[in-house]
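Below is one structure, written out as structure tokens, with a few remarks after it.
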2 protein chains.
Amino acid sequence: MILKNLKSKGYRLTNARKIIINLLLIAGQPVDVFELNRLLIKKGMIVNKTTVYREINTLVKERIVKEIQFKDGKMRYEIQLKDNHHHHAVCQMCNKITPVVSSALEKTVNQLEENIIKENEFHIIEHSLEFIGICNKCEPSRAESTGLPDIKRRNPVPTS
Amino acid sequence: MILKNLKSKGYRLTNARKIIINLLLIAGQPVDVFELNRLLIKKGMIVNKTTVYREINTLVKERIVKEIQFKDGKMRYEIQLKDNHHHHAVCQMCNKITPVVSSALEKTVNQLEENIIKENEFHIIEHSLEFIGICNKCEPSRAESTGLPDIKRRNPVPTS
DNA sequence: ATTTTAATGCAACTAAGTTGCAATTGCAAG
DNA sequence: CTTGCAATTGCAACTTAGTTGCATTAAAAT
């Protein structure tokens with residue numbers, strides 16, 4: 001369906017495009033370009049990084065892929081499946097990503113968006129909500145160590 | 001109070017530190033390092049970018065400053081005042097930032113966080129919620145133009 | 001005033017992402 | 001199935017945010 005949709009819009013179904021879409025579908029969680037490249041190589045395909053970036057931007061533009069930023073300075077990408085709106089809980093230490101779904105939350109957020117549109121006169125296109133924390137697996141090691149978590153961020157927060 | 005707090009923890013009250021804190025207090029909205037530098041120069045202070053980055057990281061570490069990412073590839077920083085938890089609506093076109101406050105939303109999010117902690121066994125430290133859209137001022141020009149908004153992003157989404 | 005150590009500046013570096021351009025390749029039409 | 005054209009790709013060089021090591025400077029405690 002994704003491919004057909006793209007084709008109908010004049011895009012070509014190139015190898016790179018098809019494989020990238022497939023990998024993102026399989027991934028099931030946000031991946032960065034480095035990871036995507038690793039997956040491509042594993043599939044026996046070497047795709048230039050320029051192409052990967054351009055391809056992803058095309059998919060973002062066509063709203064097939066959604067961009068997500070955690071705090072490590074790189075964009076991550078996730079396939080947008082219909083009726084699959086969700087958020088993420090990210091472990092500061094191991095970067096493990098857990099999807100978070102809550103209809104109650106969506107309801108409140110949608111309500112709020114309507115209010116913002118009315119009151120602040122601001123047209124909202126989308127929102128991004130991320131939870132940052134420490135997963136169960138990393139929690140013990142954090143308690144043991146003298147230091148703070150081995151946060152994988154571009155801008156590391158030093159030990160307090 | 002911020003300065004006293006820092007001093008009590010063994011930090012020195014250097015010129016750069018004091019001015020940076022002041023500028024962030026005055027700014028009242030998230031600023032990036034480029035902007036912060038501009039403000040410093042306007043105040044007659046030239047501070048090396050390394051120092052600015054290091055200073056901000058110190059303030060983040062001490063939870064005086066909060067990091068926020070929109071989608072233009074640079075971190076923004078905002079002073080954390082107590083009882084001032086809020087979110088942001090960002091205009092894709094002009095990058096104008098509007099604070100969003102909603103006690104209903106906080107309530108729902110806190111509820112959700114408790115559930116995540118219980119069910120997913122994930123310890124949540126913080127969350128980030130941003131609304132992306134188009135402000136009133138930019139909306140007309142968008143309607144007129146053939147193309148998409150002049151999105152100020154590192155990874156621009158081309159016109160469809 | 002002296003000393004200690006945090007903070008600073010500098011220059012060189014890293015890494016994510018972009019750009020211009022020439023070469024390649026889908027794919028539609030004949 | 002060949003041809004032509006525009007979309008796509010690869011490459012190399014570039015941009016920009018942020019980092020690091022190290023020598024120097026400057027708070028502030030004594």
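Chain naming here is simple, since letters A, B, ... match the order of the sequence lines and numbering starts at 1 in each. Every value quoted in this text rests on a predicted model; they were computed, and no experiment measured them.
- Rounded to whole Å, atom C1' of dT15(D) lies 15 Å from atom CG of D72(B).
- Taking atom CG of residue L13(A) and atom C1' of nucleotide dT8(D), one finds them 12 Å apart after rounding to whole Å.
- Using a 4.0 Å cut-off, some side-chain N or O of T51(A) falls inside it from OP1 or OP2 of dG10(D).
- Across the interface with DNA chain C, nearest-nucleotide mapping of A16(B) and K49(B) shows A16(B) to be the residue nearer the 5′ end.
- Of the candidates dG17(C), dG18(D), dT9(D), the closest approach to any side-chain atom of E55(A) belongs to dT9(D).
- In this model, a side-chain donor or acceptor of T50(B) finds a partner on the base of dA11(C) within 3.5 Å.
- For dA6(C), the OP1/OP2 oxygens have no side-chain nitrogen or oxygen of T14(B) closer than 4.0 Å.
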### Task
Please lay out, stage by stage, how H127(A) and V109(A) fare under the test side chain to side chain contact (heavy atoms under 4.5 Å, CB included).
CA-CA 9 Å; H127(A) 64 259; V109(A) 171; 3.5 Å; yes
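- Take the nearest nucleotide of DNA chain C for I46(B) and for R12(B): the residue whose nucleotide is more 5' is R12(B).
- Here CG of L59(A) is found 14.0 Å from CZ of R54(A). Values are rounded to the nearest 0.5 Å.
- Closest to the side chain of N48(A), out of dG10(D), dA7(C), dG9(C), is dG10(D).
- Within the 4.0 angstrom heavy-atom criterion, base atoms lie near R54(B).
- Cluster membership for I97(A) and I56(A), using ILVMFWY side-chain heavy atoms within less than 4.5 angstrom, is not shared.
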